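Notes follow the structure.
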Amino acid sequence: MSRIGDTFARLGKTGDKALITFITAGDPDLTATAGLIPRMAAAGADIIELGVPFSDPMADGPTIQKASERALAAGATLAGILAMVKEVRNSCQVPLLLMGYYNPIYIYGVERFCRDAVAAGVDGVLVVDLPPEESAELKTVADQAGLDVIFLLTPTSDASRIKTVNRLGRGFIYYVSVTGVTGARTSLADSLSASVTAIRSQVRLPLAVGFGISTPEQAAGVAAVADGVVVGSAIVKLFEERRDGELVERVADMVRVLKDGVRSGQNN
């Protein structure tokens with residue numbers, strides 16, 4: 001079992017839920033990312049997603065699009081991100097998941113990517129534009145290397161897609177709470193609780209919910225029904241607002257507050 005699986009198993013024994021946080025690797029630069037990872041883990045992030053910046057992030061809203069632009073302008077590359085992860089692994093063992101698009105992986109080379117990712121200490125990968133039905137090349141190599149491939153389910157996923165993701169997935173399943181692109185929302189769908197409960201009854205892996213979650217209250221609501229809560233844009237927004245010496249503390253403070261929200265929800 002990977003660090004991701006171990007984390008969900010450990011949390012599950014006590015009824016706890018995972019807080020999964022997202023930042024864009026290389027925003028404002030890779031040195032800053034390396035410093036943020038252990039601080040986020042210490043503040044309560046159980047798993048950290050590192051966005052791999054891409055020039056055409058079609059599934060992302062304006063906040064993460066801008067973060068990708070800043071990271072690319074600062075020189076972030078997939079190779080550089082893997083080297084940064086390897087450095088972080090000298091002192092921090094929080095599960096790390098790369099989230100992004102297939103093009104950078106394809107250009108890097110699928111076999112080389114999986115080999116180098118595992119060697120660096122990456123635990124999983126989520127490729128937002130690679131549906132499970134088209135994932136055989138990546139999935140085969142990733143399974144052999146010991147890299148968890150995380151798949152998405154959405155409110156429009158039918159029974160066939162749920163069965164496919166349940167069969168192929170490893171680590172956890174990422175449920176997209178709303179249709180559309182990433183971004184913080186003022187409220188979540190009224191049907192979310194029923195949808196998550198229904199899907200959890202059909203899958204063997206932990207189910208984490210993301211897209212639109214931005215407040216501890218929303219995190220609490222999701223934690224009451226899901227195995228994990230994913231927060232991205234609300235954290236990434238801090239990089240746009242404050243890129244000075246207070247950034248690390250502001251991010252850590254937000255993670256702390258969100259983890260408190262998750263704890264309050266899981267106890268309801």
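These values consider heavy atoms only, across backbone and side chains, with no hydrogens, waters or symmetry-generated copies. For clarity, every value in this text was computed on a predicted model and none was experimentally measured.
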Can a donor-acceptor pair be found, under 3.5 Å and without considering hydrogens, that links the side chain of K17 to the backbone of A223? yes
Of all heavy-atom pairs linking S157 and I162, the shortest is O-CD1, 4.2 Å
Taking ring-ring contact (aromatic ring centres under 6.0 Å, His included) as the cut-off, I'd like each qualifying pair that reaches into residues 14-44, sequence neighbours left out, listed once. none
Please round to the nearest 0.5 Å and tell me the distance separating atom OG1 of T154 and atom OH of Y174. 12.0 Å
What distance separates S233 OG from D60 CG, expressed to the nearest 0.5 Å? 7.5 Å
Decide whether V255 and V257 are clustered together by the hydrophobic rule: side chain heavy atoms of Ile, Leu, Val, Met, Phe, Trp, Tyr closer than 4.5 Å, transitively. no
Report the residues that fulfil side-chain hydrogen bond (donor to acceptor under 3.5 Å, both in side chains) with R200, sequence neighbours left out, ordered by chain and then residue number. D227
For A208, what residues pass the side-chain contact (heavy atoms from CB on, under 4.5 Å) criterion, not counting sequence neighbours? I20, F172, V230
Can I150 be reached from L11 by stepping across I, L, V, M, F, W or Y side chains whose heavy atoms are under 4.5 Å apart? no
Taking all heavy atoms of G171 and all of P206, pick out the closest pair and write down the distance. O-CD, 3.6 Å
Qualifying side-chain hydrogen bond (donor to acceptor under 3.5 Å, both in side chains) pairs with a residue from residues 201-212, counting only residues at least two apart or across chains: none
Joint hydrophobic cluster, L78 plus L72, side-chain heavy atoms closer than 4.5 Å: no
My understanding is that only residues two or more places apart in sequence, or in another chain, count here; which of them pass side-chain hydrogen bond (donor to acceptor under 3.5 Å, both in side chains) with E87? none
With sequence neighbours left out, write down each residue that passes salt bridge (charged side-chain N to carboxylate O under 4.0 Å, His left out) with R161, or none if nothing qualifies. E133
Can you list everything that forms a side-chain hydrogen bond (donor to acceptor under 3.5 Å, both in side chains) with D148? Sequence neighbours excluded, please. S2, R170
Give the C-alpha distance, both sets of side-chain angles, the deciding distance and a yes or no for side chain to side chain contact (heavy atoms under 4.5 Å, CB included) between V176 and L153. CA-CA 6 Å; V176 177; L153 289 175; over 6 Å; no
Supply the atom-to-atom distance L138 CG to L130 CG, rounded to the nearest 0.5 angstrom. 6.0 Å
Using modelled atom types and a 3.5 Å cut-off, is there a donor and acceptor pairing between side-chain atoms of T33 and backbone atoms of A25? no
What residues, two or more places apart in sequence or in another chain, satisfy salt bridge (charged side-chain N to carboxylate O under 4.0 Å, His left out) together with R10? none
Using distance only, find each side-chain donor-acceptor pair of residues 46-55 under 3.5 Å and give its atom names and separation, not counting sequence neighbours.
residue: D46; atom: OD2; partner: L19; partner atom: N; Å: 2.8
residue: D46; atom: OD2; partner: K259; partner atom: NZ; Å: 2.6

Report yes or no: do Q144 and T140 form a side-chain donor-acceptor pair below 3.5 Å? no
Listed by chain and number, what are the side-chain contact (heavy atoms from CB on, under 4.5 Å) partners of S195, not counting sequence neighbours? Y175, S191
When you measure from the side chain of T21 to the backbone of V231, do you find a donor-acceptor pair of N or O atoms at a distance under 3.5 Å? no
Quick one: do D253 and R256 satisfy salt bridge (Lys or Arg N to Asp or Glu O under 4.0 Å)? Show the steps, please. CA-CA 5 Å; D253 286 345; R256 215 170 278 118; 2.7 Å; yes
Here the pair of heavy atoms bringing A67 nearest to D27 is CB-OD2, 3.4 Å
Ignoring hydrogens and geometry, is there a side-chain-to-backbone donor-acceptor pair from Q218 to S214 under 3.5 Å? yes
Contacts of type side-chain contact (heavy atoms from CB on, under 4.5 Å), residue R3, not counting sequence neighbours: R89, Q93, P95, D123
Do R115 and F113 meet the cation-pi criteria used here (NZ or CZ under 6.0 Å from the six-membered ring centre, within 45° of the axis)? no
Under 3.5 Å: donor-acceptor pair, side chain of K237, backbone of T63: no
For D158 and S160, which I'm curious about, is there any donor-acceptor pair between the side chains at under 3.5 Å? no
Which distance, rounded to the nearest 0.5 Å, do you find between the CG of D129 and the CD of E134? 9.5 Å
Is there a path of hydrophobic side-chain contacts, each under 4.5 Å between heavy atoms of I, L, V, M, F, W or Y residues, that connects V248 with L238? yes
Test of understanding: with side-chain contact (heavy atoms from CB on, under 4.5 Å), list the residues that count as partners of E137, not counting sequence neighbours. Y102, V110
Are V118 and I37 grouped together when hydrophobic residues (ILVMFWY) are joined by side-chain heavy atoms under 4.5 angstrom apart? yes
With no hydrogens and no angle check, is any side-chain donor or acceptor of T197 less than 3.5 Å from a backbone partner on A194? no
Indicate the atoms forming the closest heavy-atom contact of T164 with P132, along with that distance. CG2-CB, 3.8 Å
Nearest-0.5 Å distance, CG of residue L258 to CD1 of residue I235: 6.0 Å
Counting distance only, does the side-chain N/O of S177 pair as donor-acceptor with the main-chain N or O of G210 below 3.5 Å? yes
Between R263 and D260, is there a salt bridge with N-O shorter than 4.0 Å? yes
Using the side chain to side chain contact (heavy atoms under 4.5 Å, CB included) rule, take I213 and F211 through it: C-alpha gap first, then chi angles, then the decisive distance, then the call. CA-CA 6 Å; I213 301 165; F211 277 50; over 6 Å; no
Dump the intermediate steps for side chain to side chain contact (heavy atoms under 4.5 Å, CB included) on V203 and I199, then the final yes or no. CA-CA 7 Å; V203 298; I199 291 175; 4.3 Å; yes
For the CG atom of L247 and the CZ atom of R39, what is their distance to the nearest 0.5 Å? 10.5 Å
Could you go through the side chain to side chain contact (heavy atoms under 4.5 Å, CB included) check for L97 and V122 one step at a time? CA-CA 6 Å; L97 168 68; V122 174; over 6 Å; no
